[in-house]
Amino acid sequence: MTHADTADAIDAIVGITPDSRVAQIRALRPDAAGYAQGSYAALLEPADEAGLGRAERALIALRAALLAPSRAVAAHYRERLQSLGVEATTIAAVEHFPEGGAVSPQLAAILPHVELMTLRPHAAGREALEALEAAGLSARNIVSIAQLVAFVSYQVRLAAGLRLLQEEQQ
Amino acid sequence: MTAQHGFTLDAVEWAAWLETVDPATLTPEQIEVLKESTPTALTSPYYLLLVHDVAALRERSRLFNRVMYAPRGLARADRELSTVAVSRINGCVYCASVHSRLYAQLTHRPETMQKIFDEGIETELNERERAIVDYAAKLTRDPEGATTADLVPLRQIGLSDQEILDLTHAVAMFAWANRLLQTLGEVVRPAA
C-alpha cells in the first residue's frame, strides 16, 4: 500500500497538519474520521472491485467534486488519477464531459447520472437506473456508484466546514 | 391529506428501483453488517439494496451511527434539526419524515418541523434554530462560498468547536443520505 492510500483524505484535502488546532478538533471525534476514511477505502480502493476499477471510481469522484463544486476535493481526485497513471486526455474528457472528448461507453452512461445525483437528486427517476443497467452495470455496481457520488457530497460539506474552522483560527 | 410540498411528519415507506438482495441468500458478513446498521435492516428494502456493496455499507453505517448518536457534543435535537433542514432543501421527503419525527420525540415540538415543511427553511425560528439551519443551508447550497462569517451565528449561540464539528458531520451525512434515498428508489405513502 502506498502512502497515498493510507493518508487521511480529508486532512489532505483541507491541508490539516497533525499539530494544528483543527487536527485537535477533528480528534474529538476519531470514529467519524476513521469511518469516513474507511468509506474512502471501501469506495475508491475496494478489495473487490466488482468490475468497477479504481481509475473509473476516481474519475466518477472527480466529476462529482467538480460539479458540487469543490476545487479542493476535485484537486485531490485529479492528483489521485495522475498517481494511478490515468492519461491526461481521459481526465480532461471527464472534467469537460460531454464536450471534452471521448470516454468509455460505460463512463458515458455513468457521468450523466453523477450530475443528476450531485445537482438534482430530487429529479431522479427509475429510468436513470435503467439507463445504467442498459450500459451493462449490475445492481451492485449501481449501488457502489451511488455510494461513491453521495460520499463525495459528504466530503465536500465536511471539507468546507473544516476549512471554516481553519480560517477562523488565522 | 398530503400538502403540495409532499413533506410530512407521518411515517412513510420506501421502495427500491433495483433488485434488493434476497434475504435467503445473505452471507454471514452481510447479515452482520445489516444487524449493525439498524435494528430493522434485515427487512428494509433500503438496507437490503445497499448491502449489495457490503464493505461500503459497513463503513457508512458505522459513520452514520456515530455522527447521529455519539454521546456528548451537539445536542441530538440540534443534529436532527440540521438534517431536516438539509432534507427540506434537497427535497428528500423520506429523510425528512424519519428525522422530523425523531426531532419531535426529543423536543416535543413537532410544530417547528411542520413550519419548516410548510414554509421552507426561511420560516420564523428562534435564534438557536436559525443559526443551525442557516449553517446547514450554506454548506448544502454553497459549500465553496462559505466563509468564517457563516460561523459567527454559531459562536453567538455559544457552540463549541466540538459542537460545530458535530453539526458539520450531521449536515454532511445528509448530503450523503438524501442522495441515496432520492436516487435509488421512491417514497411510498401508506394508503389513506
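Each chain gets a letter, A, B and so on, in the order the sequences are listed, and its residues count up from 1.
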Chain B contacts, top residue of [options] (heavy-atom pairs, under 4.5 Å):
{"options": "A:Ala160, A:Ser39, A:Ala42, A:Gly34", "result": "A:Ser39"}
{"options": "A:Arg71, A:Arg126, A:Glu130, A:His122", "result": "A:Arg126"}
{"options": "A:Arg29, A:Arg140, A:Arg21, A:Met117", "result": "A:Arg29"}
{"options": "A:Pro46, A:Ala150, A:Ala124", "result": "A:Ala150"}

Under 4.5 Å, counting heavy-atom pairs only, tell me which of [options] racks up the most with chain A.
{"options": "B:Glu144, B:Gln162, B:Arg66, B:Arg72", "value": "B:Glu144"}
{"options": "B:Val93, B:Asp166, B:Asp150, B:Val51", "value": "B:Asp166"}
{"options": "B:Arg58, B:Lys138, B:His169", "value": "B:His169"}
{"options": "B:Leu49, B:Val171, B:Thr20", "value": "B:Leu49"}
{"options": "B:Leu181, B:Thr147, B:Ile164, B:Val67", "value": "B:Thr147"}
{"options": "B:Asp53, B:Asp142, B:Leu50, B:Leu139", "value": "B:Leu139"}

Any donor-acceptor pair under 3.5 Å linking the side-chain atoms of [Y] with those of [X]?
{"X": "B:Tyr47", "Y": "B:Gln30", "result": "no"}
{"X": "B:Arg109", "Y": "B:Tyr103", "result": "yes"}
{"X": "A:Asn141", "Y": "A:Ser138", "result": "yes"}

[X] side chain near [Y] side chain, heavy-atom distance below 4.5 Å:
{"X": "B:Met68", "Y": "B:Asn65", "value": "no"}
{"X": "A:Gln166", "Y": "A:Ile16", "value": "yes"}
{"X": "B:Arg60", "Y": "B:Leu180", "value": "yes"}

Heavy-atom cut-off 4.5 Å, strictly under: side chain, backbone, both or neither for [X] against chain B?
{"X": "A:Ala128", "answer": "neither"}
{"X": "A:Leu43", "answer": "side chain"}
{"X": "A:Gln24", "answer": "neither"}

Chain A heavy atoms under 4.5 Å from [X]: which part of the residue, side chain, backbone, both or neither?
{"X": "B:Ser160", "result": "neither"}
{"X": "B:Thr168", "result": "side chain"}
{"X": "B:Phe64", "result": "neither"}

Before accepting this row, confirm whether a basic side-chain N of the pair [X]/[Y] lies closer than 4.0 Å to the acidic partner's carboxylate O.
{"X": "B:Lys115", "Y": "B:Glu111", "value": "no"}
{"X": "B:Arg62", "Y": "B:Glu36", "value": "yes"}
{"X": "A:Arg57", "Y": "A:Glu45", "value": "no"}
{"X": "A:Arg26", "Y": "A:Asp8", "value": "yes"}

